[in-house]
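Protein chains get the first letters and strands the later ones, always in sequence-line order, with residue 1 at the start of each. Values below: every heavy atom of this structure, side chains too, minus hydrogens, waters and symmetry copies.
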Protein chains: 2
Amino acid sequence: MTPQHSPFARKLGAFVVLSPEELQLLDRLHSRRRTFPARRDMIYEGQVDRSAYILASGWVSSYKLLPGGTRQIVDFQIPGDFLGLRSVLFRTADHNIEPITRVQASEVQVHDLLDAFNTAPRLAAAVLWAASRDEAMVVEHLVDIGRRDAKQRMGHFLLELGARLKLVGLGSNEGYNCPLTQYLLADALGLSAVHVNRVLRELREDGLVSFQNGKVIFKDFDGLVELSEFDRHYLDHEGPLMK
Amino acid sequence: MTPQHSPFARKLGAFVVLSPEELQLLDRLHSRRRTFPARRDMIYEGQVDRSAYILASGWVSSYKLLPGGTRQIVDFQIPGDFLGLRSVLFRTADHNIEPITRVQASEVQVHDLLDAFNTAPRLAAAVLWAASRDEAMVVEHLVDIGRRDAKQRMGHFLLELGARLKLVGLGSNEGYNCPLTQYLLADALGLSAVHVNRVLRELREDGLVSFQNGKVIFKDFDGLVELSEFDRHYLDHEGPLMK
DNA sequence: CGATCACGCTGATCCAGGTCAGTCATTCTT
DNA sequence: AAGAATGACTGACCTGGATCAGCGTGATCG
């Protein structure tokens with residue numbers, strides 16, 4: 001895997017070693033590059049003519065709206081992530097996808113993907129793996145919301161995001177830039193914005209992390225890992241599983 | 001799709017129309033049939049020599065344990081469901097899988113699956129679709145726990161389970177048999193067992209559902225759908241998407 | 001056949017986090 | 001430059017659900 005390939009190819013490379021032909025196929029998926037402004041849905045629940053996207057730059061949120069007017073953010077996507085896979089495979093999109101910042105992404109249509117699978121079945125396995133990894137993250141959020149208190153939840157979330165950003169070269173154990181507002185955090189963590197604010201203050205006062213002016217800074221990484229019961233190996237892949 | 005095929009084939013058939021050859025391939029996946037007693041883990045977190053299974057009969061729970069001793073049940077599996085896909089694709093299993101009742105399941109190894117993908121790439125797409133459907137359910141649980149109160153949560157859960165059982169012929173809008181204890185419900189819904197009991201009583205007193213002696217009986221289906229903000233079309237697939 | 005266990009069920013009390021109702025500092029508009 | 005948004009931040013108060021402590025019943029077992 002060489003750096004001239006897309007972050008998406010890099011991600012899949014963590015699972016299978018891809019041949020030059022397979023890499024070329026992947027690069028061809030990136031031909032339809034599009035730009036989206038912040039805050040206008042790229043995909044919305046119920047939409048029928050759906051596309052999927054591979055994120056090149058910017059941040060995106062996937063969420064569901066409830067009749068009561070509240071929303072639950074299921075996950076944030078960062079560069080290299082696949083968006084809207086489910087909306088392509090299902091008859092209609094089952095969730096909304098909204099850019100948080102200005103976003104650049106490559107549009108992928110169902111048949112592009114299926115054609116790629118036909119010519120290179122190993123790609124199918126790789127995409128299945130990537131989808132499973134996403135599911136693992138959703139599962140972790142479920143555990144977060146179901147069984148951790150607000151402070152642990154926030155800590156775990158900030159650490160996970162850090163780990164993901166590190167993988168694509170946008171963060172380190174020192175910290176990272178983060179365009180999320182406290183409202184977005186609240187909707188992702190199942191808390192109120194007010195409480196998010198309180199929790200962030202507590203974490204700051206405890207000397208664990210600070211999140212101010214769009215910057216997350218880990219003050220006591222190990223302490224935070226311990227508080228949040230964060231599994232250091234979760235999302236870790238040391239070398240491809242399949243040759 | 002004819003009934004002599006496995007529930008798993010039936011499920012995939014909801015996405016792609018499968019050729020006789022593809023069906024045969026799927027049936028071959030069912031060769032290693034195994035039986036498991038209730039309550040002994042089939043797969044546990046950190047396990048390295050992992051298999052996946054296709055459930056033939058019985059109920060299973062997938063859960064995560066937290067250091068504090070609590071657990072979060074991520075999902076229950078019923079006949080026709082794939083179990084432990086992630087534990088096959090990842091280096092080690094990231095969650096536990098425990099039978100609730102006595103269980104019969106077919107063991108599937110990674111290479112079985114990959115061989116099948118190689119000979120029939122459309123199967124890969126179908127499995128990807130099934131995995132995405134599972135993810136959609138996890139997402140729904142996330143919304144449940146994050147943004148619905150205990151009563152809605154319970155209602156939504158019982159309705160979803162009903163819909164899933166109906167698909168495999170084990171339930172109807174009248175009700176279904178359900179071997180889950182209040183403790184299991186609690187761990188799945190992020191509640192305490194005590195509160196589960198109270199919520200079930202309230203739902204019963206409201207004349208919406210009763211859950212007694214291993215039987216869920218819908219007394220006022222529409223009322224429950226409304227209370228729980230249940231989307232009737234979620235998990236509905238009228239005819240395959242791809243020919 | 002008494003003991004133990006699993007499960008359902010209940011009342012009393014407590015607290016994490018929600019809700020309400022703001023203030024203040026920065027942009028973004030016009 | 002006034003006004004309108006947006007986002008961070010606070011204190012006062014309220015409540016859904018947790019926790020604790022205990023009862024009843026039927027099944028299993030030595």
Quantify the bending of the helix from C/dC1-D/dG30 to C/dT30-D/dA1 as the angle between its end axes, each fitted on five pairs, to 10°. 40°

Residue-level proximity of residues 149-156 of chain A to DNA chain C when a heavy atom falls under 4.0 Å: A/Asp149, A/Ala150

Flag side-chain contact, heavy atom, 4.5 Å: A/Val139 against B/His95: no

Sequence neighbours excluded, which residues qualify as side chain to side chain contact (heavy atoms under 4.5 Å, CB included) partners of A/Asn213? none

Who passes side chain to side chain contact (heavy atoms under 4.5 Å, CB included) against B/Ala130, sequence neighbours left out? B/Leu12

Under a 4.5 Å cut-off applied to non-hydrogen side-chain atoms, are B/Val88 and B/Val108 in contact? no

Under 4.0 Å, counting only non-hydrogen atoms across every strand here, what does B/Gly190 touch: a base, just sugar-phosphate, or nothing? sugar-phosphate

What is the ring orientation for B/Phe36 with B/Tyr53, classed by angle as parallel under 30°, tilted 30 to 60°, or perpendicular over 60°? perpendicular

Do you know which two heavy atoms are closest between A/Lys64 and A/Asp94, and how far apart they sit? CE-O, 3.0 Å

Short of 4.0 Å, heavy atom to strand atom, which residues of residues 192-201 of chain A count as contacting DNA chain C? A/Ser192, A/Val194, A/His195, A/Arg198

Nearest heavy-atom approach of B/Ala186 to B/Ser192 is CB-C, 3.6 Å

Report the relative orientation of the aromatic rings in B/Trp129 and A/Phe90; use parallel for angles under 30°, tilted for 30 to 60°, perpendicular for over 60°. perpendicular

With sequence neighbours excluded, tell me which residues meet salt bridge (charged side-chain N to carboxylate O under 4.0 Å, His left out) with B/Arg153. none

Atom pair CD/OG of B/Glu45 and B/Ser87 - distance to nearest 0.5 Å: 11.5 Å

Is it true that B/Arg232 and B/Asp222 have a side-chain N and a carboxylate O under 4.0 angstrom from each other? yes

For B/Met42 and B/Leu83, work out which heavy atoms get closest and say how close. CE-CD1, 3.7 Å

Could you tell me which residues satisfy side chain to side chain contact (heavy atoms under 4.5 Å, CB included) with A/Ser61, sequence neighbours excluded, listed by chain and number? A/Tyr63, A/Ile73, A/Phe76, A/Glu98, A/Ile100

Quick check on DNA chain D: between A/Arg147 and A/Leu180, whose nearest nucleotide comes earlier from the 5' end? A/Leu180

Just wondering, do B/Tyr183 and B/Val196 contact through their side chains at under 4.5 Å, heavy atoms? no

Report the residues that fulfil side chain to side chain contact (heavy atoms under 4.5 Å, CB included) with A/Asp75, sequence neighbours left out, ordered by chain and then residue number. A/Gln77, A/Met137, A/His141, A/Arg164

Contact boundaries on DNA chain C for chain A, cut-off under 4.0 Å to non-hydrogen atoms: C/dG17 to C/dC20

Does anything in residues 204-213 of chain A reach DNA chain D, meaning a heavy atom under 4.0 Å, and if so which residues? A/Arg204, A/Gln212

Check every nucleotide of DNA chain D for an atom under 4.0 Å from a heavy-atom of chain A, then give the first and the last such nucleotide from 5' to 3'. D/dG7 to D/dA12

Can you find a pair of side-chain heavy atoms, one from A/Asp231 and one from A/His156, that are under 4.5 Å apart? no

Please, which pairs that meet ring-ring contact (aromatic ring centres under 6.0 Å, His included) have at least one residue in residues 191-212 of chain B, sequence neighbours excluded? none

